Structures are given as structure tokens and as C-alpha cells.
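Below you'll find the structure, written out as C-alpha cells, and then a few comments.
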Amino acid sequence: ERMFREKKEYEASLQQQIDDCYLKLDRANKIISGLEGEKDRWTATVERLTIEFSLLNGNCLVGAGMVAYSGAFTAKYRGELEEEWRGEIKQLGIEFDESITMKALLED
């Protein structure tokens with residue numbers, strides 16, 4: 001009878017280990033599923049940042065020029081000046097985001 005009881009306890013111990021493994025496996029699957037979405041998000045972020053990095057010099061040139069030279073003017077004239085500034089930068093062959101503005105650059 002003692003041997004039977006020991007075997008039953010051993011069986012219960014093994015069953016507990018099996019249940020723990022299933023629980024851990026379920027948790028691991030949830031983590032892996034969550035990370036698959038993160039991979040997509042990170043890939044998209046890297047692509048966006050690569051594009052932004054390639055336009056960084058031109059975007060900073062627009063922002064720096066506007067901060068340095070347009071502060072004292074009205075908003076309407078600053079907008080016109082910004083358009084002219086972007087046109088000049090484009091003629092120089094410097095790449096920049098066509099929709100970049102001093103406001104957008106400084107508020108981000």
C-alpha cells in the first residue's frame with residue numbers, strides 16, 4: 001500500500017509538471033503572437049525612418065532658414081517666404097519633404 005501511495009504521489013507530481021508545461025507553452029504562444037505584430041510595426045517604423053533620414057538635411061535647412069530669417073514677419077508672409085525657400089532648396093537639388101513646414105518640424 002505504501003508503494004501504491006508513493007506511485008500515486010509521483011503520478012500527481014508528474015501531472016502537475018505537465019499542467020505547468022502546458023501553461024508555460026500557452027503563455028509563450030501568446031508572447032510570440034504578440035511579437036509577430038511588433039515585427040510588422042518595427043519594419044514599418046524602420047522604413048519610415050529611413051525615408052525621413054534621407055530627407056533630414058533638406059528638412060533641417062527649411063526649418064533653420066525659417067527660424068533664422070522669418071521670425072519677425074506675419075504668418076502670411078512667413079508662409080510665402082517658406083514657399084520661396086523650399087523652391088530655392090529644390091533648385092539646389094537638395095532633397096526634402098515637400099510638405100515640411102517650420103511649424104511641423106518644430107512641433108514634432
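Quick caveat: nothing in here was measured; it's all calculated off a predicted structure.
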Measuring from [X]:[atom1] to [Y]:[atom2], what's the distance to the nearest 0.5 Å?
{"X": "E88", "Y": "L61", "atom1": "CD", "atom2": "CG", "result": "11.0 Å"}
{"X": "C21", "Y": "Q16", "atom1": "SG", "atom2": "CD", "result": "10.0 Å"}
{"X": "Y69", "Y": "L81", "atom1": "OH", "atom2": "CG", "result": "11.0 Å"}

Flag side-chain contact, heavy atom, 4.5 Å: [X] against [Y]:
{"X": "W85", "Y": "V62", "result": "yes"}
{"X": "D19", "Y": "L23", "result": "no"}
{"X": "R78", "Y": "T74", "result": "no"}

Give a yes or no answer on whether the side chain of N59 reaches the backbone of D97 with a donor-acceptor pair at less than 3.5 Å.
->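 Present.
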
Side-chain (E82) to main-chain (M102) donor-acceptor, under 3.5 angstrom =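 Judged by distance alone, yes, a pair lies under 3.5 Å.
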
Take atom CD of E84 as the centre, draw a 6.0 Å sphere, and report whether it contains more than 12 heavy atoms from other residues, nucleotides or ligands.
->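 Not more than 12 within 6.0 Å, no.
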
[X] bridged to [Y] by N-O distance under 4.0 Å:
{"X": "E95", "Y": "K90", "value": "no"}
{"X": "E38", "Y": "R41", "value": "yes"}
{"X": "R48", "Y": "E52", "value": "yes"}
{"X": "D20", "Y": "K24", "value": "no"}

Heavy-atom pair of closest approach, residues I89 and G58 =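 For I89 versus G58, the nearest heavy atoms are CD1-O, 4.4 Å.
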
Under a 4.5 Å side-chain heavy-atom rule over Ile, Leu, Val, Met, Phe, Trp and Tyr, are [X] and [Y] clustered together?
{"X": "I94", "Y": "I51", "value": "no"}
{"X": "I100", "Y": "L92", "value": "yes"}
{"X": "L35", "Y": "L25", "value": "no"}
{"X": "F4", "Y": "L14", "value": "no"}
{"X": "L55", "Y": "M66", "value": "no"}

Report the C-alpha separation of T101 and R86 in whole Å, then their side-chain angles, then the decisive distance to 0.1 Å, and conclude whether the side-chain contact (heavy atoms from CB on, under 4.5 Å) test is met.
-> CA-CA 9 Å; T101 63; R86 284 195 300 265; 4.1 Å; yes

Apart from L56 itself, residues in the same hydrophobic cluster as defined by side-chain heavy atoms under 4.5 Å |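 Direct or chained contacts put L56 with F53.
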
